[in-house]
Structure formats: structure tokens, C-alpha cells
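Here's the structure we're looking at; comments come further down.
What you see below is based on every heavy atom in this structure, not just the backbone, and it leaves out hydrogens, waters and symmetry mates.
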Amino acid sequence: SKAQRSDVDIQLAQGKKWLKKRPNDVVLLMTLGRLATTKRKLTLAREHFDSALTQAPKGSSLRKEIYRELGGVCHGLGDSQLALQYLLKA
């Protein structure tokens, strides 16, 4: 029997399609990062959050949120030093 794709998998696939059209969409990148985190795809999540951080304007309130997310992801990837640096910026 074919494995059922979860809602998160479907959302990630759809989000990737949207990202092709809107590669600089900070909120979309953050959403994809959170979906990837939910699936424990932490390397993918980190890529999305890194991209979101690059796109987020200086002084944007979203940057603190992204730093928080990156802190959690880096901690999950075992990089506690980097995780701490991100969390201190959050």
C-alpha cells in the first residue's frame, strides 16, 4: 500500500511551488521553516530560516522571531554554541 502523505508534506510541497514564484517572501520562508521543523527536517528548516533572515529588513520585528527559530533548529542539530548566539539576538 502507498504511504499516506501527511498534511505537512503536502503543505511543504505546495510551499516549495510558491517559493519559486516568491523567493524573497520572508513569511513564506518562515512558514516553510516551521513546517520543516515539524517534520524534523532540521537542515531544510535551517536553510529556510537562513534565507528568511537574509530577506528580512534590518530592524524588522520578524528578525527576532527568525533568530528564535534558528536558535531552536541549531540546538536540534547539536550546534549549541550557534544556537545560543541566535537566541541572544532574539
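Residues L35 and K39 have side chains not in contact (no heavy-atom distance under 4.5 Å, counting atoms from C-beta outward). Q14 is listed as a side-chain neighbour of K17, based on a closest heavy-atom distance under 4.5 Å. A heavy-atom distance below 4.5 Å is not found between the side chains of L53 and K89. The shortest side-chain heavy-atom distance between E47 and L44 falls under the 4.5 Å cut-off. Side-chain contact between H48 and R34: absent, with no pair of heavy atoms (C-beta onward) separated by less than 4.5 Å.
Within the model, atoms CG of L87 and CD of E69 stand 10.5 Å from one another, a figure rounded to the nearest 0.5 Å. Separation of atoms CG (D50) and SG (C74) is listed at 7.5 Å; rounding is to 0.5 Å. Summarising the geometry, atom CZ belonging to R63 is positioned 10.5 Å from atom CD belonging to Q55; distances are rounded to the nearest 0.5 Å. Of the inter-residue distances, the one linking L29 atom CG with R22 atom CZ reads 10.0 Å to the nearest 0.5 angstrom. Going from atom CG of L42 over to atom CG of D79 covers 12.0 Å, rounded to the nearest 0.5 Å. Interatomic distance, CG of N24 versus NZ of K21, reported as 15.5 Å (0.5 Å rounding).
When the side chains of ILVMFWY residues are joined at heavy-atom separations under 4.5 Å, either directly or via intervening members, W18 and V27 end up in two distinct hydrophobic clusters. Using a 4.5 Å cut-off between side-chain heavy atoms of Ile, Leu, Val, Met, Phe, Trp and Tyr, with links allowed through other members, L70 and L77 fall into the same hydrophobic cluster. Linking Ile, Leu, Val, Met, Phe, Trp and Tyr residues whenever their side-chain heavy atoms come within less than 4.5 Å leaves L19 and M30 in two separate clusters.
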**Request:** Applying side chain to side chain contact (heavy atoms under 4.5 Å, CB included), run through L82 and R46 and close with a yes or a no.
**Result:** CA-CA 12 Å; L82 190 57; R46 185 176 179 176; 2.9 Å; yes
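Between A83 and G71, the closest heavy-atom pair is CB-O, 3.2 Å. Closest approach of V73 to A45, counting heavy atoms only: CG2-CB, 4.0 Å. Considering every non-hydrogen atom in both I66 and A56, the closest pair reads CD1-CB, 4.0 Å.
When each of T37, L32, T54 is paired with F49, the side chain to side chain contact (heavy atoms under 4.5 Å, CB included) condition holds for T37 and for no other.
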